[in-house]
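Worth saying up front: this structure is predicted, and the values here are computed from it rather than measured.
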Amino acid sequence: MLFILMGVALLAGFMLANQNPINADLKTVVGSPFGAATISFAVGTLFLGVLALTTEHALLPSGAFISSHPAWIWLGGLLGGVYLTSNVLLFPRLGAIQTVILPIMGQIIMGTLIDTFGWFEAASIPLSLARVLGLVILIAGVVIAIVLPTLFNHEARSLEKTLTQVYAPTGLLGWRIWAIIAGMLSAMQQAINGHMGTLLHAPVQGSFLSFFIGFILILILTLVIDKRFPSLEQLKVTKVWNWFGGILGGLFVLASIIVIPHIGAGLTITMGLLGQIVGSMLVQQFGWWRSMKAGVNRLQMLGVIVMILGVVFIKFM
């Protein structure tokens, strides 16, 4: 059962890696990251709402449930909205690999803090020597996958040069820092959503509520910043797959809510990270979803192997 749940978390991360370029392409069609995020959240909310009514026959929680639990359990949707919008902004600036791997640093940091101190009602896991070693190995894998290819691989250097020509180096540094912060918010979102799903005893309903709250946030931001919605003419030129991002995001949230109560926030986040890296490499290798294409090299594959070794130390040593 453990390995099945780890596989679900891995698949969830793979879906999230594909959501990023889909939503980034949608942004180019509608002309706004907030408009793209609004569409993505609307689709995800509708998908999860239909699924919740079909499987659990409920959408909104009772007044008694709302009044008897802390307000922070509703923050998952808000953090999810910030994270998704950040990815839409980050993807064209940093590329597929960095848009996934830099937030991983933030997710590793926050996931470790959540597990160690039992934040958001998560089970507390002592920071043992094996876990510390596993985290060091994970970070080493990230460095191998992102830093070394930039130094030694021609295609990676070309991609970096292209990004630097479009965005000033100082601007790129700021986006990279924000990518790490966004990763921390993502880890918090998963832990909060997992706890809410446990309280509701209805993971699909919990996923719907998280997405619905995120949709309201993005909708307000779109009205304030863009002062418009994507036009019908813009929507007509979208590809069918431009609408898949919200569904993939909804499935990611649902998978996290199902898995976290059983294997913990840290392992769920870690397996999701591996899925994101593998997914982002495939996206970059084949240029899926009209994304920037750049070949995956041996160093990046070695980085994934090292990260898997880190997972073994964290969970099984």
Side-chain angles (χ1 to χ4, degrees), residues 12-13 15-24 26-27 30 32-45 48 70-94 98-111 113-114 119-120 171 173-196 206-226 245-257 260 265 268-269 272-273 276 280:
M15 290 187 293
L16 193 63
N18 282 269
Q19 181 197 37
N20 294 337
I22 289 174
N23 286 341
L26 182 60
K27 166 186 169 290
V30 302
S32 165
F34 300 101
T38 299
I39 293 173
S40 182
F41 262 92
V43 172
T45 301
L48 290 171
W72 59 260
I73 68 170
W74 307 104
L75 289 177
L78 297 178
L79 297 178
V82 173
Y83 180 67
L84 185 144
T85 306
S86 297
N87 280 340
V88 173
L89 294 169
L90 290 168
F91 188 85
R93 292 166 170 83
L94 300 181
Q98 292 191 54
T99 300
V100 170
I101 291 182
L102 287 176
I104 284 175
M105 302 296 290
Q107 292 183 51
I108 291 173
I109 293 170
M110 183 54 67
L113 292 174
I114 291 171
W119 290 348
F120 310 118
L173 177 61
W175 285 111
R176 285 167 176 155
I177 292 173
W178 178 251
I180 294 174
I181 295 173
M184 298 177 73
L185 298 180
S186 173
M188 294 170 61
Q189 175 207 10
Q190 293 180 61
I192 291 170
N193 285 343
H195 182 60
M196 182 169 67
S207 304
F208 165 78
L209 292 171
S210 176
F211 244 73
F212 181 69
I213 293 170
F215 170 68
I216 297 299
L217 169 66
I218 294 300
L219 184 64
I220 293 173
L221 286 176
T222 302
L223 289 173
V224 171
I225 297 174
D226 290 348
I247 296 175
L248 293 177
L251 290 173
F252 171 79
V253 171
L254 176 59
S256 299
I257 289 179
I260 282 178
T268 301
I269 291 169
L273 298 182
Q276 289 178 60
S280 67

ask   = If you round to the nearest 0.5 Å, how far is CD1 of Ile109 from CD1 of Ile180?
value = 6.5 Å

note = Closest non-hydrogen atoms of Trp175 and Leu90, given as atom of the first, atom of the second and distance, are O-CD2, 3.4 Å

ask   = Taking all non-hydrogen atoms of both residues, which atom of Phe252 and which atom of Ala12 are closest, and how far apart?
value = CD1-O, 3.3 Å

query = Shortest non-hydrogen contact from Gln190 to Thr268?
reply = OE1-CG2, 4.2 Å

query = If only atom types and distance count, is the side chain of Ser186 paired as donor or acceptor with the main-chain N or O of Ala182 below 3.5 Å?
reply = no

Exercise answer: donor-acceptor pairs, residues 217-226 side-chain atoms, under 3.5 Å, sequence neighbours excluded:
| unit_1 | atom_1 | unit_2 | atom_2 | d |
| --- | --- | --- | --- | --- |
| Thr222 | OG1 | Phe34 | O | 3.2 |
| Thr222 | OG1 | Thr38 | OG1 | 2.6 |
| Thr222 | OG1 | Ile218 | O | 2.8 |
| Asp226 | OD1 | Ser32 | OG | 3.4 |
| Asp226 | OD2 | Ser32 | OG | 2.3 |

query = What is the minimum heavy-atom distance between Ile269 and Gln107, and which atoms define it?
reply = CG2-OE1, 3.7 Å

query = Hey, what do you get for CZ (Phe120) to CG (Asn193), rounding to the nearest 0.5 Å?
reply = 11.0 Å

ring-ring contact (aromatic ring centres under 6.0 Å, His included) against Trp74, all qualifying residues, sequence neighbours excluded = none

message = Would you compute the distance between atom CE of Met110 and atom CG of Leu185 and round it to the nearest 0.5 angstrom?
response = 7.5 Å

request  = Just jot down the side chain to side chain donor-acceptor pair (under 3.5 Å) partners of Ser40, sequence neighbours excluded, or say none.
outcome  = Asn23

Parallel, tilted or perpendicular: ring planes of Phe41 versus Phe211, cut at 30 and 60 degrees = tilted

message = Using every non-hydrogen atom in the two residues, find where Gly206 and Met196 come nearest and quote the distance to one decimal.
response = O-CE, 3.3 Å

Separation between CD1 of Ile192 and OG of Ser256, rounded to the nearest 0.5 Å = 12.5 Å

remark   = One should read off an interatomic distance between Thr45 OG1 and Ile213 CD1, to the nearest 0.5 angstrom, of 10.0 Å

ask   = Are any of the side-chain heavy atoms of Trp119 and Met188 separated by less than 4.5 Å?
value = no

query = Got Tyr83 and Leu16 here, is their nearest side-chain heavy-atom distance under 4.5 Å?
reply = yes

query = Do Gln276 side-chain atoms and Gly13 backbone N/O form a donor-acceptor pair below 3.5 Å?
reply = no

query = Any idea which heavy atoms bring Gly245 and Ile22 closest together, and the distance?
reply = N-CG2, 3.7 Å

query = When rounded to the nearest 0.5 angstrom, what is the spacing between CD1 in Ile114 and CE in Met184?
reply = 9.0 Å

inquiry  = Ring-plane angle category for Phe212 and Phe215, please: parallel below 30°, perpendicular beyond 60°, tilted otherwise.
reply    = tilted

